[in-house]
Amino acid sequence: MRNFIRFIIRNHFLLLFLLLEIVSFYFIFNYNQYHRKVYLSSSNQVSGYLYERFSSVIQYFELKRTNEELARENAELRNQLDKNSFYAPMLPEIEVDTVAAQQYRYSAARVINNSVNKHFNYLTLNKGRKDGIAPDMGVISSRGLVGVVLNTSENYSTVISVLNTRLRISARLRETGFFGSLYWDAGSYRYATLSGIPAHATPLVGDAVVSSGYSSIFPENVLIGTIDKVTIDQGEGFYEIRVLLSVDFKNLEYVHIVEKLEAQERLELEKLSEDD
């Protein structure tokens, strides 16, 4: 103990200097927007590179499960195509302009870092600005909704996960159309809570919960999960619904980043309405 005290006395000027430097950097990065952006971009770049190197080793041992996941996703896509097809023998040829009707663009990405046991959980993806990724884009997987892009560097992106107490998502009951707000209460990584569903909605255990499509981030009807438990606050007249998430965040490797092609136009129009 005496040696430790001697060390502090002998180097107190150096220790004081280092402490003041740390405090100075803290105030610079927390109260200066430009420096904060530079710091976040640089830290994303460095940590993203390290995460990707580590993740590439893990990926090798996950090839079987990845192939099964891709096969399942291909089957789901084929089912969706079958639902949208029809037989019209009287029409010899129909040309559909799919580009003109396209509202969203999807980019595949790999999860190279992920957390599920904190209050504020994030993912890191191996795609960034050079791939056209920007903040506020939605992130989904073949199983359902994952989160929202928060920050990007040149080659990587960080995503605020559904398992983050700061994120709220507009969601609705697929069977009845009633919508509310979905959030995570920092409990189990398998469940989230849907609030704001009125008492006359009669939600049932097993009903699907999907994205409402009211935001410019996610397409409509992206699966979020299924109702696991229903309780009602008699005083407020609204249900509190426990939702079993369709995405297993402990077993998440590949995702799709969703870009709303006309998002800026919609946001500008809605801002004009708010200003009136």
Side-chain angles (χ1 to χ4, degrees), residues 36-63 65-74 76-77 80 98-99 102-116 118 120-164 166-167 169 189 211 215-220 222-224 245-264 266-267:
R36 177 189 284 186
K37 287 185 176 179
V38 171
Y39 167 75
L40 289 173
S41 178
S42 302
S43 62
N44 279 347
Q45 188 78 6
V46 174
S47 61
Y49 176 80
L50 295 175
Y51 289 146
E52 187 174 31
R53 299 280 75 79
F54 177 77
S55 177
S56 61
V57 176
I58 302 300
Q59 185 187 19
Y60 175 79
F61 298 99
E62 297 288 336
L63 290 178
R65 186 180 61 80
T66 299
N67 289 334
E68 293 174 351
E69 186 80 5
L70 292 174
R72 191 180 65 81
E73 183 173 0
N74 287 336
E76 290 180 359
L77 291 173
Q80 292 179 23
T98 56
V99 176
Q102 185 177 2
Q103 298 183 46
Y104 297 91
R105 181 183 294 120
Y106 299 86
S107 302
R110 184 161 58 88
V111 178
I112 57 176
N113 189 48
N114 185 16
S115 65
V116 299
K118 305 174 182 177
F120 312 120
N121 292 296
Y122 298 90
L123 301 91
T124 304
L125 308 182
N126 68 337
K127 294 291 179 68
R129 284 194 298 267
K130 74 174 185 180
D131 306 292
I133 310 305
D136 297 326
M137 289 184 177
V139 181
I140 64 176
S141 76
S142 61
R143 295 184 179 273
L145 195 146
V146 173
V148 180
V149 174
L150 183 65
N151 291 303
T152 61
S153 64
E154 193 66 17
N155 298 293
Y156 304 99
S157 303
T158 53
V159 175
I160 182 169
S161 165
V162 170
L163 305 181
N164 190 308
R166 292 172 177 163
L167 183 64
I169 296 168
Y189 75 96
S211 58
S215 75
S216 59
I217 298 176
F218 297 105
E220 187 179 8
V222 176
L223 183 64
I224 299 175
L245 297 172
S246 59
V247 174
D248 183 350
F249 283 85
K250 279 192 175 181
N251 191 18
L252 184 62
E253 188 172 358
Y254 287 96
V255 296
H256 287 96
I257 303 170
V258 184
E259 177 188 2
K260 173 71 171 175
L261 297 180
E262 298 175 352
Q264 190 60 36
R266 173 176 171 174
L267 291 174

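FYI, the numbering just counts along the sequence from 1.
Here CZ of Phe120 is found 9.0 Å from CD1 of Ile160. Values are rounded to the nearest 0.5 Å. Atom CZ of Arg129 and atom CG of Asn151 lie 9.5 Å apart (nearest 0.5 Å). Atoms CD and CG, from Glu154 and Asp131 in turn, are 8.5 Å apart once rounded to the nearest 0.5 Å. One distance of note links CG of Leu145 with CD1 of Ile217; it measures 9.5 Å at 0.5 Å rounding. Rounded to the nearest 0.5 angstrom, Ser216 OG and Glu259 CD are separated by 11.5 Å. To the nearest 0.5 angstrom, Ser141 atom OG is 9.0 Å from His256 atom NE2.
Every side chain to side chain donor-acceptor pair (under 3.5 Å) that Lys130 has, sequence neighbours left out, goes to Asn155. A search for side chain to side chain contact (heavy atoms under 4.5 Å, CB included) contacts involving Leu223 returns Ala208, Val210, Ser246, not counting sequence neighbours. Ser115 is linked by a side chain to side chain donor-acceptor pair (under 3.5 Å) to Asn121, counting only residues two or more places apart in sequence or in another chain.
The closest side-chain heavy-atom distance from Met137 to Val139 is not below 4.5 Å. In this structure the side chain of Ile133 never reaches within 4.5 angstrom of the side chain of Tyr156, judged on heavy atoms. For the pair Val146/Phe249, a side-chain contact is recorded, criterion being any heavy-atom separation below 4.5 Å from C-beta on. Within the 4.5 Å cutoff, no side-chain heavy atoms of Tyr106 are placed close to those of Ile257.
Contact between Ser211 and Phe218 at its shortest, heavy atoms only, is CB-CB, 4.3 Å. Nearest heavy atom pair, residue Gly144 against residue Val222, reads C-CG1, 4.1 Å.
Partner of Val159 under the side-chain contact (heavy atoms from CB on, under 4.5 Å) criterion, out of Asn113, Leu150, Leu125: Leu125 alone.
Proximity of a side-chain donor or acceptor of Lys127 to a complementary backbone N or O of Ser157 within less than 3.5 Å is not detected.
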**Request:** Please test Leu123 against Leu252 for side chain to side chain contact (heavy atoms under 4.5 Å, CB included), starting from the C-alpha separation and ending with a verdict.
**Result:** CA-CA 10 Å; Leu123 301 91; Leu252 184 62; 3.5 Å; yes
